[in-house]
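All remarks here apply to the structure that follows.
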There are 2 protein chains.
Amino acid sequence: MARPMRADARRNQEQILLAARDLVAERGPDVPLDEVARRAGVGIGTLYRRFPDREALLHALALDALTRTVAAAHAAAEQETDPFDALARYLREALELRVSAVLPALMDVVDLGNDPELGPVREKSARLVRSILDRARTAGALPHDVTFEDVGMMLVRIARPLPGPLPAEAKHELARRHLELFIRGLGALAAGEPAVAAELRVPG
Amino acid sequence: MARPMRADARRNQEQILLAARDLVAERGPDVPLDEVARRAGVGIGTLYRRFPDREALLHALALDALTRTVAAAHAAAEQETDPFDALARYLREALELRVSAVLPALMDVVDLGNDPELGPVREKSARLVRSILDRARTAGALPHDVTFEDVGMMLVRIARPLPGPLPAEAKHELARRHLELFIRGLGALAAGEPAVAAELRVPG
DNA sequence: GGCGAAGTGGAGCATTTTTCTCCGCTTCAT
DNA sequence: ATGAAGCGGAGAAAAATGCTCCACTTCGCC
């Protein structure tokens with residue numbers, strides 16, 4: 001039985017993951033580990049104690065991101081009655097969590113699909129998000145030719161911090177703005193589509 | 001008088017810029033220069049002869065990208081009569097040129113604004129693109145609250161290659177698809193807006 | 001409030017990566 | 001045919017990064 005961690009150690013571990021999340025989102029999976037340690041406010045030795053090497057850190061980061069995605073998708077589906085609102089809510093929450101900036105950056109390094117620990121969580125999150133999308137589409141709130149992959153990738157594009165001199169918080173504010181633009185665009189496209197609902201109704 | 005370059009030297013210089021363009025777009029401004037040389041099909045010595053250091057190369061790359069942007073904006077404005085078509089055409093052409101992937105990557109390293117050689121070209125391109133946007137907006141083909149910066153940044157988001165295992169060409173194909181989605185979204189948003197044209201007409 | 005287990009930090013060595021020079025050989029253009 | 005221009009890439013030098021190790025500090029239990 002693993003005995004519980006000491007309180008300071010847990011705090012440090014959380015800070016490390018948080019720092020890693022931001023730095024990986026901004027600068028990719030190769031960011032020097034001593035920078036992660038510095039931003040987390042711990043020594044490099046502490047980082048290496050908790051995560052024996054880069055891969056261990058990135059793996060933990062991926063698991064964290066995926067778990068939060070599942071929770072966010074769940075919350076959005078449960079708490080919003082309107083299908084389009086549920087979709088919008090999920091997208092906004094995913095943006096705040098930075099998952100769509102972190103996970104793609106990890107893809108080159110961690111095998112999200114086949115890893116025995118990450119794979120199932122990833123599948124679960126995909127299933128949940130897919131169902132949110134399907135519901136929106138069935139309700140006529142999403143264009144028919146916009147796929148799961150399209151939405152996911154656009155979210156990635158929007159979530160990835162732009163290069164440039166702006167402080168990180170300003171960049172994130174812009175990302176929020178562009179996400180709203182995207183959400184509005186989806187809604188407008190769906191609204192302008194000729195309804196095909198008739199074809200879906202049971203004849204007679 | 002600088003005498004003209006030997007034909008093979010010119011070819012090599014072009015190949016180097018092309019290779020740098022793709023690699024900088026994909027991997028940022030820190031890509032190892034010998035990789036650039038390899039992709040260009042030249043020796044590292046050749047690269048260093050033409051561009052004494054990394055900054056010289058990136059500077060040349062920026063100038064090239066800006067110049068092409070100006071040409072593209074010009075062509076779009078001249079050759080399309082419909083204002084929205086002109087905007088769409090400019091966006092598509094900018095995507096093909098990779099300028100919106102390359103220039104932001106250079107921003108951290110080259111001062112596009114204040115550089116005496118780059119600054120003016122950049123201003124010219126901004127002026128042209130702004131006018132394309134203004135015309136589209138005046139024609140009611142662009143939502144009012146979507147700014148020059150919004151469009152530019154969304155183009156950057158779409159143009160930057162996503163991380164992941166896909167070959168570069170597949171990534172670019174996806175970027176094209178998402179640009180079309182963006183263009184359609186802009187159109188749909190504008191179409192759904194209450195017309196304010198009345199306010200702009202001369203009273204009486 | 002004392003004690004041992006757990007945790008910490010960062011100097012510094014090892015390794016890898018990247019830069020850039022140098023020069024003997026090749027190619028172009030006249 | 002010739003010489004000026006160009007080429008390539010080995011390898012020395014420098015920079016970036018990975019990671020260990022251990023003297024010191026802190027926590028949490030009694």
Side-chain angles (χ1 to χ4, degrees), chain A residues 1-62 64 102 105-106 108-110 163, chain B residues 1-62 64 102 105-106 108-110 163:
Chain A
M1 284 285 114
R3 51 166 64 205
M5 271 169 98
R6 243 167 67 170
D8 55 344
R10 167 169 302 284
R11 236 190 346 267
N12 282 338
Q13 191 183 25
E14 278 160 12
Q15 289 305 307
I16 290 170
L17 276 173
L18 241 149
R21 185 197 73 173
D22 290 351
L23 283 172
V24 167
E26 280 165 30
R27 321 227 321 241
D30 297 335
V31 44
L33 292 186
D34 53 356
E35 279 202 41
V36 175
R38 202 173 326 130
R39 160 129 22 158
V42 305
I44 182 68
T46 300
L47 189 155
Y48 272 96
R49 154 188 305 270
R50 213 54 67 187
F51 305 100
D53 56 21
R54 175 183 296 278
E55 195 190 308
L57 174 62
L58 296 182
H59 188 275
L61 194 55
D64 187 70
V102 169
L106 295 177
D108 290 338
V109 176
V110 183
Chain B
M1 284 281 119
R3 51 164 67 205
M5 269 170 101
R6 242 169 67 171
D8 55 344
R10 168 169 302 282
R11 235 190 347 267
N12 282 336
Q13 192 183 26
E14 278 161 12
Q15 289 305 307
I16 290 169
L17 277 175
L18 217 89
R21 185 197 73 173
D22 290 351
L23 283 171
V24 167
E26 281 165 29
R27 321 230 318 243
D30 297 335
V31 313
L33 293 185
D34 53 356
E35 279 202 41
V36 175
R38 201 173 324 129
R39 162 134 13 163
V42 305
I44 181 68
T46 301
L47 189 155
Y48 271 97
R49 157 189 303 270
R50 213 55 67 186
F51 306 101
D53 55 21
R54 162 177 253 102
E55 195 191 309
L57 175 62
L58 296 183
H59 188 275
L61 194 55
D64 187 71
V102 169
L106 294 177
D108 289 338
V109 175
V110 183

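Values below: all heavy atoms of this structure, side chains included; hydrogens, waters and symmetry mates excluded. Proteins get letters first, then strands, A, B, ... in listed order; numbering begins at 1 in each. Owing to the predicted nature of the structure, the values given are computational and were not obtained by experimental measurement.
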Residue [X], side-chain atoms from C-beta onward, closest of [options]:
{"X": "A:Ile44", "options": "D:dG8, D:dC19, D:dG18", "value": "D:dC19"}
{"X": "B:Ala7", "options": "C:dA29, D:dG18, D:dC7", "value": "C:dA29"}
{"X": "B:Ala9", "options": "D:dG6, C:dC20, D:dT17", "value": "D:dG6"}

Note, A:Glu55 side chain near A:Val109 side chain (heavy atom, < 4.5 Å): no
Any A:Asn12 side-chain heavy atom under 4.5 Å of A:Leu47 side chain: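 No. Closest side-chain heavy atoms not under 4.5 Å.
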Determine: side-chain N/O of [X] to OP1/OP2 of [N], distance under 4.0 Å, yes or no.
{"X": "B:Arg50", "N": "D:dC7", "value": "yes"}
{"X": "A:Asn12", "N": "C:dG7", "value": "no"}
{"X": "A:Thr46", "N": "C:dG7", "value": "no"}

Donor-acceptor pair present, B:Arg54 side chain and C:dT19 base, under 3.5 Å: no
Atom [atom1] of [X] to atom [atom2] of [N]: distance rounded to whole Å?
{"X": "B:Glu35", "N": "C:dT19", "atom1": "CD", "atom2": "P", "answer": "10 Å"}
{"X": "B:Asp30", "N": "D:dA15", "atom1": "CG", "atom2": "P", "answer": "16 Å"}
{"X": "A:Arg6", "N": "D:dC29", "atom1": "CZ", "atom2": "P", "answer": "11 Å"}
{"X": "B:Leu57", "N": "C:dT18", "atom1": "CG", "atom2": "C1'", "answer": "15 Å"}
{"X": "A:Leu33", "N": "D:dA16", "atom1": "CG", "atom2": "C1'", "answer": "13 Å"}
{"X": "B:Met5", "N": "C:dC28", "atom1": "CE", "atom2": "P", "answer": "14 Å"}
{"X": "B:Arg49", "N": "C:dT26", "atom1": "CZ", "atom2": "C1'", "answer": "12 Å"}
{"X": "A:Asp8", "N": "C:dA5", "atom1": "CG", "atom2": "P", "answer": "17 Å"}

Whichever of A:Asp34 and A:Gly45 has its nearest DNA chain D nucleotide further upstream toward 5':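 Its nearest nucleotide being more 5', the pick is A:Asp34.
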Closest approach of B:Val36 to B:Ile16 (non-hydrogen atoms, all atoms of both residues):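 Scanning both residues, the minimum pair turns out to be CG1-O, 3.9 Å.
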Nearest atoms (heavy-atom pairs only) where B:Asp108 meets A:Pro163: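 Here B:Asp108 and A:Pro163 meet closest at OD2-CB, 4.2 Å.
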Of B:Arg11 and B:Asp53, the one whose closest DNA chain C nucleotide lies more 5':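 The residue closer to the strand's 5' end, by nearest nucleotide, is B:Asp53.
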Other residues, nucleotides, ligands: >12 heavy atoms within 6.0 Å of A:Glu35 CD: yes
